[in-house]
Amino acid sequence: MPEMTLTEKIFARHTRRDTVRVGDIVMAKLDMILGTDVTVPLSVEVFRNMGAEKIFDTDKIALVNDHFVPAKDVKAAELSKIMREFAREQGVKNYFEVGRSGICHSILPDNGLIRPGDLVVGADSHTCTYGALGAFSTGIGSTDLACAWAIGELWFRVPDTTRVVVNGRFKPFVGAKDLILHIISRLGVDGAIYQAIEFTGDAFKHIFMDGRFTIANMAVEAGAKTGLIPPDDITREFMSQFPDIGGEYLRSDPDAEFTRTLDVDLEEIEPLVAEPYLPSNVRPVNEVKGVKIDQVIIGSCTNGRLEDFRAAAKIMGDHPVHPDVRLIMIPNTPRLMRELLKEELIDQFVKAGAIISPPTCGACIGGHMGVLAKDEVGLFTTNRNFRGRNGHPDSKVYLSGPEVAAATALTGRITDPRELTKDPDYYC
Amino acid sequence: MENKKLKGTVFKYGDQVDTDVIIPARYCTSYHPEDLASHCLEDLDSTFASRVKQGDIIVAGDNFGCGSSRENAPIAIRGAGASCVIAKSFARIFYRNSINIGLPILIAPDAVDGIEDGDEVEVDPATGTITNLSGHGSWQASSFPPEIQEIIDAGGLVGYVRKKLGKMKV
Ligand code: SF4
């Protein structure tokens, strides 16, 4: 048997072959198929047009209300309605209604719908997030989605792999987002186009699931088809919430062929910021500090998990949000919302002057709940800052992790959290 | 993909033309070509939608269509009247979506360098030959692997699945 990468192993197990090679075009069986309120309605139309009547397996489909919910206008309400009616008609088990729903890329893993070793597709480009669990998961379009519903398989080109080996430990106020921004800046927005990125190295002994989801989530920002983290004890611990679902804990063989290897030393990474209008325009926060910010968002499928809000809370202490700043916080799921209530973080944030948004993509996609006006400047913990993504085409968004975002919300200017916490006034 | 030749005026853009400029999310509450067409490329070139004529050709640099998975992007391009896109490279999901909906896309870096904005260009999607009718030059786009060609021959992924489901229209 030739040596295979993690990606090749997953494809081999989902096709009728013993081995697959980079560049092979394969028809592969799918374990989970995700759709959301923006992408499902078109798929429903395509599904009907192709003469399909029943989805291939009602357990392997997830339909999530997240992008424009709670419905931002009549059109959005109609999109959700199409998805809701389709879910009922087809008897889709994993349909997530507003109130029990949240951002898809947290909802699926939190409900035990993804196993290590799975092959997953989703009509959303950040479907690569589940690579954090050692699944191969990637984004598709609406026609793909309809076809996947009908036959339970799709065509893929088996991608080659860029390996990123991460060693060391994070310095204070540096986290998973800084690591992935650093990697994207080295690879470029098309540096890993059509490829899988495999993140490995000793550093992962100290990077927990919340951080892993952040890292895998942004692989697509380097053009990659997916980003995978080989499953280990930390993965097992997360999966132990779902004892009955199994999963395959695969790793690349020692002599598997990688297209390229990038070495990263965590000790060298500072708090980072990506300037408008590309996630790869990465600079140390020190070089952009002082830029005036109108709105800060902490949330999204990139940084909307417990670890992120704890990091923000630590920096904010009992300091108020700067009078000129709107701080919007978006916990990804209802479960997380309860967690934040229990830890009294919601109380802390609201007292400081933040607004807590329901779990929605909303502002991340410039849809609603925090869209920017002309010439406004935002600092978001989201994953994309393309022109016009978050509101008016002449608005601007800087991207960062929750530490820089929280520090910035307190001062109204892009702020290095290390300097803020050193400031004697900060602790008074 | 249609077999007849495509001919039109070129609208040339740079690298990294992302899906947020091809069709901004604020319009993605619709997926109908007629709603999307008038906003196609609006944040990059506000005159595109009003100037483009049926059959015109978009030429661009690297990583065309990067960003979101929205199929609204190739639909908007087709809806606006463009007959095909020639680029140095395409973002993966955009590439998939285009094949799946039958928007001809051609990877031809040399052609991109040899074609100027406003040129008249002819494309034969069957052979991948690109001819610049304004200047001099003819190029060959890389061909599709046979498995993809099968999908294209079935008229896109829908046709392919229809065949598989045994629902082939006779
Ligand atoms: S949170 Fe943002 S990036 Fe994530 S799925 Fe929603 S819109 Fe996409």
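Proteins come first, then strands; the chains are lettered A, B, ... in the order of their sequence lines, and each starts at number 1. Note that this is a predicted model, so its numbers are computed, not measured.
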* Just wondering, do A:W155 and B:N100 contact through their side chains at under 4.5 Å, heavy atoms? -> yes

* Output the option from A:K225, A:R387, A:H368 having the highest count of non-hydrogen pairs under 4.5 Å with chain B. => A:K225

* To do: Flag the pair B:K164 / A:M50 as yes when at least one side-chain heavy-atom distance between them is below 4.5 Å, and no otherwise.
  => no

* **Contacting region of A:E153 [heavy-atom separation from chain B under 4.5 Å]** => side chain

* Asked: So, does A:R389 use its side chain to make a donor-acceptor pair with the main chain of B:A25 at under 3.5 Å?
  -> no

* To do: For residues B:N72 and A:V38, determine if any side-chain heavy atom of one lies less than 4.5 Å from a side-chain heavy atom of the other.
  => no

* **B:I75, part contacting chain A, at a heavy-atom distance under 4.5 Å** => side chain

* **B:D20 (side chain) donor-acceptor with A:F386 (main chain) under 3.5 angstrom** => no

* Partner chain B: residue of A:D73, A:T39, A:D124 with the largest heavy-atom pair count (under 4.5 Å) -> A:D124

* Asked: What residue in B:T29, B:D62, B:L44 has the most heavy-atom pairs under 4.5 Å with chain A?
  -> B:T29

* Can you say whether B:D18 sits under 4.5 Å from chain A via the side chain, the backbone, both, or neither, judging by heavy atoms? -> side chain

* Toward chain B, the part of A:I140 with a non-hydrogen atom under 4.5 Å -> both

* To do: Could you check if a side-chain atom of A:T138 sits within less than 4.5 angstrom of a side-chain atom of B:R96, using non-hydrogen atoms only?
  => no

* **A:K81 atom NZ, over 12 foreign heavy atoms within 6.0 Å** => no

* Asked: With side chains defined as the heavy atoms from C-beta onward, is the minimum distance between A:T143 and B:N97 less than 4.5 Å?
  -> no

* Structure fact -> Checked A:M27, A:H126, A:R157, A:K72 vs chain B; the most non-hydrogen pairs under 4.5 Å come from A:M27

* What part of B:F94 is in contact with chain A, defined as an atom under 4.5 angstrom from a non-hydrogen atom: side chain, backbone, both or neither? -> neither

* **Minimum side-chain heavy-atom gap B:I93-A:S125 below 4.5 Å** => yes

* Asked: Above 12 or not: heavy atoms from other molecules or residues under 6.0 Å from NZ of A:K396?
  -> no

